[in-house]
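Take a look at the structure set out below.
This is a predicted model, so every value here is computed, not measured.
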Amino acid sequence: MIDRIRDRDAFVRLRRDGVRVRSAPMWCSFVADPTVVPPQVAFAVSRALGNAVTRNRLRRRLRVILSNADVPNGLLIFGGRPPLAELTFVELEIRVAALLAAAQHARAHP
């Protein structure tokens, strides 16, 4: 289960303390925090990724993928570049899994 980020302080924390990892064409910033249960997630989906239908479809897919994934407690924000909208659901799942693993690894080994 995931929740959404609701306050500005969480975004400030992500910018200040977040570990940023990439798996082309996606990126993720992560702040581990065991007190944030369930994990809080946001999506940075700009107009460069496509029209409103494309952006909303991408957000819905990411929500479904994250609701089925083992997301660590904390704050996460996902974003990407234009080729992101062209990925299939399975390719998107693989990228998200790689980002989550890389974020946890980067946090454990600074």
Side-chain angles (χ1 to χ4, degrees):
M1 178 171 199
I2 60 170
D3 200 4
R4 64 183 195 159
I5 295 178
R6 291 188 167 88
D7 59 348
R8 179 174 166 73
D9 293 337
F11 288 103
V12 171
R13 268 185 80 191
L14 277 163
R15 182 149 177 93
R16 185 186 61 222
D17 304 327
V19 173
R20 189 165 182 166
V21 292
R22 297 171 198 262
S23 175
M26 287 185 74
W27 58 264
C28 171
S29 287
F30 171 63
V31 174
D33 187 348
T35 63
V36 179
V37 179
Q40 294 181 0
V41 179
F43 304 106
V45 181
S46 72
R47 288 185 182 172
L49 292 171
N51 62 20
V53 173
T54 302
R55 296 190 313 267
N56 289 333
R57 182 184 305 124
L58 181 58
R59 276 191 284 268
R60 283 192 307 270
R61 286 179 173 181
L62 288 170
R63 268 190 232 108
V64 168
I65 290 168
L66 290 169
S67 68
N68 295 327
D70 184 24
V71 181
N73 291 337
L75 305 169
L76 295 107
I77 185 167
F78 289 88
R81 294 188 342 264
L84 181 62
E86 298 168 8
L87 296 180
T88 66
F89 187 82
V90 173
E91 291 170 332
L92 204 53
E93 272 184 314
I94 292 167
R95 301 289 179 170
V96 169
L99 284 172
L100 291 173
Q104 289 180 312
H105 179 72
R107 194 59 162 166
H109 301 93

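- Within the 4.5 Å cutoff, no side-chain heavy atoms of F78 are placed close to those of I65.
- Hydrophobic clustering, with ILVMFWY side chains joined whenever heavy atoms are under 4.5 angstrom apart, keeps V37 apart from V71.
- Among all heavy-atom pairs drawn from L76 and C28, the shortest one is CD2-SG, 3.8 Å.
- Counting only distance, with no hydrogens or angles, the side chain of R55 and the backbone of G50 share a donor-acceptor pair below 3.5 Å.
- Closest approach of G80 and W27 over heavy atoms only: N-NE1, 3.4 Å.
- Listed by first and then second residue, the side chain to side chain donor-acceptor pair (under 3.5 Å) pairs that reach into residues 43-52 are N51-T54, sequence neighbours excluded.
- In this structure the side chain of L100 never reaches within 4.5 angstrom of the side chain of D70, judged on heavy atoms.
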List the steps and the verdict of side chain to side chain contact (heavy atoms under 4.5 Å, CB included) for L62 and R59. CA-CA 5 Å; L62 288 170; R59 276 191 284 268; 5.6 Å; no

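- Transitive grouping of hydrophobic side chains (ILVMFWY, heavy atoms separated by less than 4.5 Å) keeps V19 and V12 in distinct clusters.
- Rounding to the nearest 0.5 Å places CG of L66 at 5.0 Å from CD1 of I2.
- More than 12 heavy atoms of other residues, nucleotides or ligands lie within 6.0 Å of CG in N68, so this atom counts as buried by the packing criterion.
- For S23 against A98, the heavy-atom pair with the smallest separation is OG-CB, 4.1 Å.
- M1 and V64 fall into different hydrophobic clusters, where Ile, Leu, Val, Met, Phe, Trp and Tyr residues are linked whenever their side-chain heavy atoms come under 4.5 Å apart, directly or through other members.
- Residues passing the salt bridge (charged side-chain N to carboxylate O under 4.0 Å, His left out) test with R60: none are found, sequence neighbours excluded.
- Here I94 is tied into one hydrophobic group with V90, each link being a pair of ILVMFWY side chains closer than 4.5 Å.
- Under the side-chain contact (heavy atoms from CB on, under 4.5 Å) criterion, R13 pairs with R16, D17, V31, D33, L75, sequence neighbours left out.
- Screening residues 71-86 for side chain to side chain donor-acceptor pair (under 3.5 Å) gives no qualifying pairs among residues at least two apart or on separate chains.
- Residues meeting the side-chain hydrogen bond (donor to acceptor under 3.5 Å, both in side chains) test with R8, sequence neighbours left out: none.
- Between the side chain of T88 and the main chain of E91, a donor-acceptor pair closer than 3.5 Å is present.
- Separating the CD1 atom in I77 from the CD atom in Q40 is a distance of 12.0 Å, to the nearest 0.5 Å.
- Heavy atoms from other residues, nucleotides or ligands lying under 6.0 Å from CZ of R15 number 12 at most.
- In this structure the side chain of V45 never reaches within 4.5 angstrom of the side chain of L84, judged on heavy atoms.
- The shortest side-chain heavy-atom distance between I5 and F11 falls under the 4.5 Å cut-off.
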